Amino acid sequence: MSAEAAAYPKPLKIYKELNCQNRIIFDEERERNELELERDSLKGFAKLTKKGELQSRIDRKNEEIDLLKIGLSGIIKRYGYQNVQEFYQIYRKSYNSYIACKEQVTKWEKTYGDDNPKKDKESVPERLRNPPKKTADYQQQGMLKGKDRGAR
């Protein structure tokens, strides 16, 4: 396994954390867009009364989204990367080498097989400890024959 493939779990952890943060950002943006649509659809007297309230909620959502986006770069910097682009380049390299390594392993297992012949075969001491049933049946039949001869 190459060094890049061996280092894959660490970038994967960071990648999952970034995806979680991105989902939160997308949810907040969706909520902000819903508020904007609600604000734009106001008519009449409600437009005068609710517009200011909705606009302040939209502004708060924008501030939250900005803070969450700054948090993305904070996550990356916490793990020692300069920016998100640098992280994604390293992540893609390690991911590609990890996938290539996995493909080589599956190819090797197909060629040489993962089925170990020792698993199917029992060792001699194990066979002596656990004789097959046929042998036990033959022994019982032999005992029965012996009794029959003596009984006559």
Side-chain angles (χ1 to χ4, degrees), residues 1-140:
M1 186 177 277
S2 69
E4 290 175 342
Y8 177 68
K10 181 183 175 190
L12 178 64
K13 177 185 168 193
I14 300 168
Y15 180 76
K16 287 180 180 179
E17 193 173 340
L18 287 174
N19 278 343
C20 181
Q21 185 80 1
N22 276 329
R23 270 188 245 113
I24 294 170
I25 291 171
F26 289 140
D27 290 342
E28 292 294 322
E29 287 177 341
R30 183 182 43 77
E31 289 176 19
R32 181 198 57 202
N33 290 340
E34 289 173 0
L35 289 172
E36 287 176 348
L37 288 174
E38 185 180 344
R39 180 197 63 196
D40 294 340
S41 67
L42 291 175
K43 293 183 179 161
F45 186 68
K47 188 173 190 178
L48 297 173
T49 58
K50 285 191 173 182
K51 186 175 181 180
E53 176 192 340
L54 288 174
Q55 187 61 45
S56 66
R57 288 173 61 190
I58 291 170
D59 292 339
R60 276 184 277 160
K61 283 289 180 190
N62 285 334
E63 290 172 6
E64 288 177 22
I65 291 169
D66 290 341
L67 288 174
L68 290 171
K69 286 181 179 180
I70 291 170
L72 284 176
S73 63
I75 292 170
I76 294 300
K77 289 179 181 176
R78 184 174 57 210
Y79 288 103
Y81 297 100
Q82 295 295 323
N83 54 32
V84 177
Q85 289 80 15
E86 177 189 354
F87 165 73
Y88 276 117
Q89 288 175 348
I90 293 170
Y91 173 76
R92 284 188 207 105
K93 282 182 185 178
S94 64
Y95 176 76
N96 290 336
S97 62
Y98 180 77
I99 294 299
C101 181
K102 285 291 184 185
E103 287 174 355
Q104 288 175 351
V105 167
T106 55
K107 189 175 170 183
W108 183 88
E109 285 178 352
K110 267 187 176 179
T111 304
Y112 298 104
D114 191 30
D115 297 331
N116 192 351
K118 292 182 181 178
K119 288 182 183 176
D120 295 336
K121 295 182 180 179
E122 292 181 331
S123 65
V124 173
E126 288 175 348
R127 282 188 279 163
L128 290 174
R129 273 187 249 129
N130 304 321
K133 284 191 171 186
K134 290 181 181 178
T135 309
D137 292 340
Y138 288 131
Q139 290 174 353
Q140 288 177 355

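If you're wondering where the values come from, they're calculated on a predicted model, not measured in any experiment.
Within the model, atoms NZ of Lys107 and OH of Tyr112 stand 10.5 Å from one another, a figure rounded to the nearest 0.5 Å. One finds the CG atom of Leu37 at 9.0 Å from the CZ atom of Arg39 (value rounded to the nearest 0.5 Å). Rounding to the nearest 0.5 Å places CD1 of Ile70 at 12.5 Å from CD1 of Ile75. In this structure, the separation between CD1 on Ile25 and CG on Leu72 is 4.0 Å, given to the nearest 0.5 Å.
At a threshold of 4.0 Å, the pair Glu34-Arg30 counts as salt-bridged, since one of the basic side-chain nitrogens sits closer than that to a carboxylate oxygen.
The two residues Gln82 and Lys77 come nearest to each other via the heavy atoms O-CE, 3.7 Å. In this structure, Ile65 and Glu29 approach most closely via the heavy-atom pair CD1-CG, 3.5 Å. Scanning both residues, Leu35 and Arg57, for their nearest heavy atoms gives CD2-NH2, 3.6 Å.
Every residue meeting the side-chain contact (heavy atoms from CB on, under 4.5 Å) condition with Phe87, not counting sequence neighbours, appears here in chain and number order: Pro11, Ile14, Tyr15, Leu18, Ile76, Tyr81, Tyr91. Under the salt bridge (charged side-chain N to carboxylate O under 4.0 Å, His left out) criterion, Glu38 pairs with no residue at all, not counting sequence neighbours. For Asn83, the side-chain contact (heavy atoms from CB on, under 4.5 Å) criterion is met by Gln85, Glu86, not counting sequence neighbours. With sequence neighbours left out, the side-chain contact (heavy atoms from CB on, under 4.5 Å) criterion links Asn62 to Arg32, Ile58, Asp59.
Listed by first then second residue, pairs satisfying salt bridge (Lys or Arg N to Asp or Glu O under 4.0 Å) with a partner in residues 10-25 read Glu17-Arg78, not counting sequence neighbours. Applying the ring-ring contact (aromatic ring centres under 6.0 Å, His included) test to pairs two or more places apart or on separate chains, none has a residue in residues 56-79.
Glu63 places none of its side-chain heavy atoms less than 4.5 Å from the side chain of Leu67.
Side chain of Glu28 to main chain of Lys61: no donor-acceptor pair is present (N/O by atom type, distance under 3.5 Å, no hydrogens or angles).
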